[in-house]
Amino acid sequence: MNQPQAPGPIPPGQSPQQQAAPASPRRGAVVLAAVAGLVLGGACVGGAWWLTSGSSDGAEADAAMACEIVARAPRITEEDSSGLYRWGAASGLAKAAAEVDSSYREFASALEKPLHVFHSTFEASGPEFDKAMREAKAACADRP
């Protein structure tokens with residue numbers, strides 16, 4: 001019968017805590033695989049971003065993407081929060097454009113206004129909300 005053996009005597013000058021267990025070769029392989037996976041995953045995400053980013057960048061690209069999102073989410077409604085999330089994304093991109101280029105400040109403000117009205121009134125209708133939506137869509141049509 002194979003029974004586990006007690007560890008050997010502790011060498012002089014070493015405490016039981018200092019006596020190291022043999023390193024598992026399997027543990028090293030798992031750590032190496034995890035690190036390789038992170039590096040490969042990061043490279044894939046970075047490469048995909050680089051390939052799909054196109055030639056335009058900066059404020060104009062952010063503003064264009066914001067307006068594409070506005071076109072996909074023409075309304076904010078109380079029943080469907082996806083429009084609210086899309087307008088939030090569009091507003092965030094507009095703010096990023098304004099951060100890079102100050103000529104986009106009014107554009108960013110116009111795209112943020114429908115969200116501000118909705119968050120303060122919890123209604124996606126009414127004269128103030130409708131005006132904010134019209135101004136946001138006009139800002140996309142007239143962006144710098």
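Only a predicted model underlies this, so the values are computations on that prediction, with no experimental measurement involved. We count residues from 1, following the sequence as given.
- One finds a salt bridge joining E135 and K131 here, because a Lys/Arg side-chain nitrogen approaches an Asp/Glu carboxylate oxygen to under 4.0 Å.
- Minimum interatomic distance between K137 and V70 (heavy atoms only, all atoms of both residues): CG-CG1, 4.3 Å.
- A132 and P114 make their closest contact through O-CG, 3.6 Å (heavy atoms, listed as atom of the first residue, atom of the second, distance).
- Nearest approach of A108 to A98, heavy atoms of both residues: CB-CB, 4.0 Å.
- For the atom pair CZ of R72 and CD1 of I69, the computed distance is 7.5 Å after rounding to the nearest 0.5 Å.
- For the pair L111 and C140, the minimum side-chain heavy-atom distance is below 4.5 Å.
- Interatomic distance, NE2 of H116 versus OG of S109, reported as 9.5 Å (0.5 Å rounding).
- Counting heavy-atom neighbours within 6.0 Å of R105 CZ, excluding the residue itself, gives a total of 12 or less.
- Between K113 atom NZ and E128 atom CD the span is 5.5 Å, to the nearest 0.5 Å.
- In this structure, the separation between OG on S82 and CH2 on W87 is 13.0 Å, given to the nearest 0.5 Å.
- Annotation: side chain of E60 is not in contact with side chain of V100 (no heavy-atom distance under 4.5 Å).
- When every heavy atom of D130 is checked against every heavy atom of S125, the shortest pair comes out as OD1-CA, 4.3 Å.
- If you take CG on D62 and CZ on F107, they are separated by 9.5 Å, rounding to the nearest 0.5 Å.
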Just do the side-chain contact (heavy atoms from CB on, under 4.5 Å) check on T121 and F129 with the steps written out, would you? CA-CA 9 Å; T121 64; F129 181 80; 5.9 Å; no
